[in-house]
Amino acid sequence: MKSSAAEKKRLQMADIARLAGVSVSTVSRALSGSPLVSRETRERVEELARSLDYAINVGAQNLRLKNNRTIAVVIPYDKVSRQHISDPFFLAMVGSLADALTERGFDMLLSRVDAESLDAAARVIGSGVAIGVILIGQWRHHDQLNRLAARKLPFVVWGTQIAQQLYCTVGGDNQGGGLAATRHLLGQGARRIVFVGDHQLPEVEQRYQGYRDALAAAGVALDPALVLPVPFDADQARAAVMQLCRSGTDFDAVFACSDVLAATTMQVLHQCGRAVPDEVGVVGYDDISWASHASPPLTTVRQPIERAGLELVDALLRIIDGETVPPRTLPVELVVRASTRQRG
C-alpha cells in the first residue's frame, strides 16, 4: 500500500516536471521552497501542482523534521480591506497565539502574505520551516483555502464557517454579535441604525446578517442609505461617515464592525456636532484594549481573543496529528459602556 502511494506521488511529480519542462529534482526543490529555484519556475510548478491536486506528504516531512516545533502565524494582507498588521485586533490575536504556543512548547513564526496568493502560506510547510499554519482571517478567498485543504496541508483559520468549507475555522459568533449589538440600540429607541463595514467579507457578512435579523424582528425596514460598506480602513470610514452627515440623512445610531471603525465614527460625529450617546448611540466590535478608554468609553461586542489562541492551537495540533477537526464557533459578549445610553 505504501509503495503504491509512493509510486503515485512519483508519477505526479514526473507529470509536473514534464509539463513544466524541468527535472523531477527541480520540481521537488520548487515545492519545498528552495532558493535554488527561480521565482518564475517555482510559481509555474506550484500552479501545475495545484491543477493536478498534488499533495505534499506532510506526514513524511514531519518524520524527517521530528524536532521541528515551529508554527507559522500568517496574517494575509488584503489590498481592498487594507487592515494593517498594526491594527489592535491583530496585535491582540498574535499575543494570544504566542502565549498559547509557548504554553505548548512551540515557537511562533510571524509572516505576512498577499491575500491574493495564499499559496505562499503553504511554502513554510513545504520547505520544512514550520509544521503547520494558523491564518488570521479568510478575507475574500474561500476558494483558495479550500484548494489548500484539498492538498491536505495542516492549517486552521480564524474566521467563520461557510457553506461547502473543506478547512477548519475557529471564530466568534459573528451573527450573534451583530444581533446583540443591533438589539441593544433598538432597545434604546433607535430606529435609524447605520451599519459600517464591508459585508463582502465572510465575518462581516454574518455581523450584517445579525443586524438585518434584529431590524426585521423589530419591524424596522432596512434602509440601504444607512449601510456603509467600507473596509477596515479609518480614512475610508471617516470619509463615508462625513459624507453621511453632510447628506442630511437621518440616523440615530451606528453599529460599526470594528472598534477602530467605531472610534473613527465617534470622531466624525463630534466634528459634525452630533453628541454621543445623547443624539447618536455607537457600538463597536472586538473590545480591543483601548475601547474602555475611548471618549466616551465604547460599547462593543467582545471577541473571545484569549480563548481564541488556545482553540486555534489545539485545532491545528490535532490536524497535524491526522484528525479531522470540525469548525468551532466561540461565544461573544456585548459590553455596555458610555457610547450608548444606560438603561434604567
Side-chain angles (χ1 to χ4, degrees), residues 80-81 83 138-140 142 159-163 171-234 236-266 268-269 272 274-287 298-303 329 332-336 339-341 343:
V80 177
S81 300
Q83 193 172 16
Q138 288 158 299
W139 305 105
R140 307 165 199 276
H142 172 63
T160 196
Q161 187 172 1
I162 300 175
D173 181 1
N174 292 289
Q175 187 168 345
L179 187 69
T182 311
R183 277 179 174 170
H184 172 67
L185 292 168
L186 289 165
Q188 297 186 329
R191 288 299 180 270
R192 300 281 294 168
I193 303 172
V194 178
F195 181 91
V196 181
D198 181 2
H199 52 79
Q200 296 300 311
L201 297 174
E203 289 176 279
V204 177
E205 192 279 330
Q206 293 206 1
R207 294 169 199 175
Y208 182 56
Q209 183 62 55
Y211 162 82
R212 290 186 295 175
D213 289 347
L215 292 180
V220 176
L222 174 67
D223 184 349
L226 299 181
V227 178
L228 305 183
V230 298
F232 290 112
D233 180 78
Q236 292 192 48
R238 185 175 294 108
V241 176
M242 181 65 75
Q243 176 59 35
L244 183 70
C245 290
R246 289 173 175 169
S247 71
T249 301
D250 179 42
F251 64 95
D252 52 15
V254 176
F255 169 38
C257 282
S258 81
D259 290 344
V260 171
L261 296 180
T264 301
T265 296
M266 290 197 296
V268 174
L269 292 172
C272 295
R274 304 289 301 274
V276 177
D278 294 336
E279 295 180 68
V280 182
V282 178
V283 177
Y285 209 101
D286 291 335
D287 195 25
L298 182 63
T299 294
T300 186
V301 177
R302 176 177 291 163
Q303 293 252 50
T329 300
V332 297
E333 174 189 2
L334 181 70
V335 180
V336 179
S339 68
T340 54
R341 293 187 298 273
R343 296 184 181 182

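All values reported here derive from a predicted model rather than from experimental measurement.
Between the side chain of Asn174 and the backbone N or O of Gly172, at least one donor-acceptor pair lies under 3.5 Å.
Side-chain atoms of Val283 and Leu334, non-hydrogen and from C-beta on, do get closer than 4.5 Å to each other. Counting heavy atoms from C-beta on, the side chains of Ser339 and Met266 come closer than 4.5 Å. Using a 4.5 Å cut-off on side-chain heavy atoms (C-beta onward), Leu222 and Tyr208 make contact. In this structure, Tyr285 and Val204 have side chains that are not in contact, with every pair of non-hydrogen atoms separated by 4.5 Å or more. With a 4.5 Å cut-off on side-chain heavy atoms, Val194 and Leu228 count as touching. Using a 4.5 Å heavy-atom threshold, the side chains of Val260 and Phe232 count as separate. At a threshold of 4.5 Å between non-hydrogen side-chain atoms, the residues His199 and Val227 count as touching. In this structure, Gln303 and Asp287 have side chains that are not in contact, with every pair of non-hydrogen atoms separated by 4.5 Å or more.
Atom CZ of Arg191 and atom CG of Leu186 lie 5.5 Å apart (nearest 0.5 Å). Here Leu185 contributes atom CG and Arg192 contributes atom CZ; the two are 14.0 Å apart, rounded to the nearest 0.5 Å. Remark: Ile193 CD1 to Leu226 CG distance equals 9.0 Å, nearest 0.5 Å. Taking CG of Asp252 as the reference point, atom CG of Asp278 lies at 13.0 Å (rounded to 0.5 Å). Arg207 CZ to Ser258 OG: the interatomic distance, rounded to the nearest 0.5 Å, is 8.0 Å.
Judged by distance alone, the side chains of His184 and Thr299 never bring a donor and an acceptor atom under 3.5 Å apart. Arg212 and Gln209 are linked by a side-chain donor-acceptor pair at a separation below 3.5 angstrom, with hydrogens and angles left out of the test.
Among Gln206, Gln175, Glu205, Gln138, the one residue that satisfies the side chain to side chain donor-acceptor pair (under 3.5 Å) test with Thr160 is Gln206.
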Fill in: Worked verdict on Leu298 versus Val282 for side chain to side chain contact (heavy atoms under 4.5 Å, CB included)
CA-CA 7 Å; Leu298 182 63; Val282 178; 4.2 Å; yes
Item to complete: Could you check Leu215 against Thr182 for side chain to side chain contact (heavy atoms under 4.5 Å, CB included), going step by step and ending with a plain yes or no?
Response: CA-CA 7 Å; Leu215 292 180; Thr182 311; 4.1 Å; yes
Discussion item. Pair Asp223, Phe251 - check side chain to side chain contact (heavy atoms under 4.5 Å, CB included), show working.
Written reply: CA-CA 10 Å; Asp223 184 349; Phe251 64 95; over 6 Å; no
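Between Phe195 and Phe255, the ring planes lie perpendicular to each other; the angle is over 60°, past the 30° to 60° tilted range.
Closest approach of Thr300 to Gly284, counting heavy atoms only: OG1-C, 3.1 Å. For the pair Arg238 and Val268, the tightest heavy-atom approach, listed with the atom from each and the gap, is CG-CG2, 3.6 Å. Shortest non-hydrogen contact noted between Cys245 and Cys272 is CB-SG, 3.6 Å.
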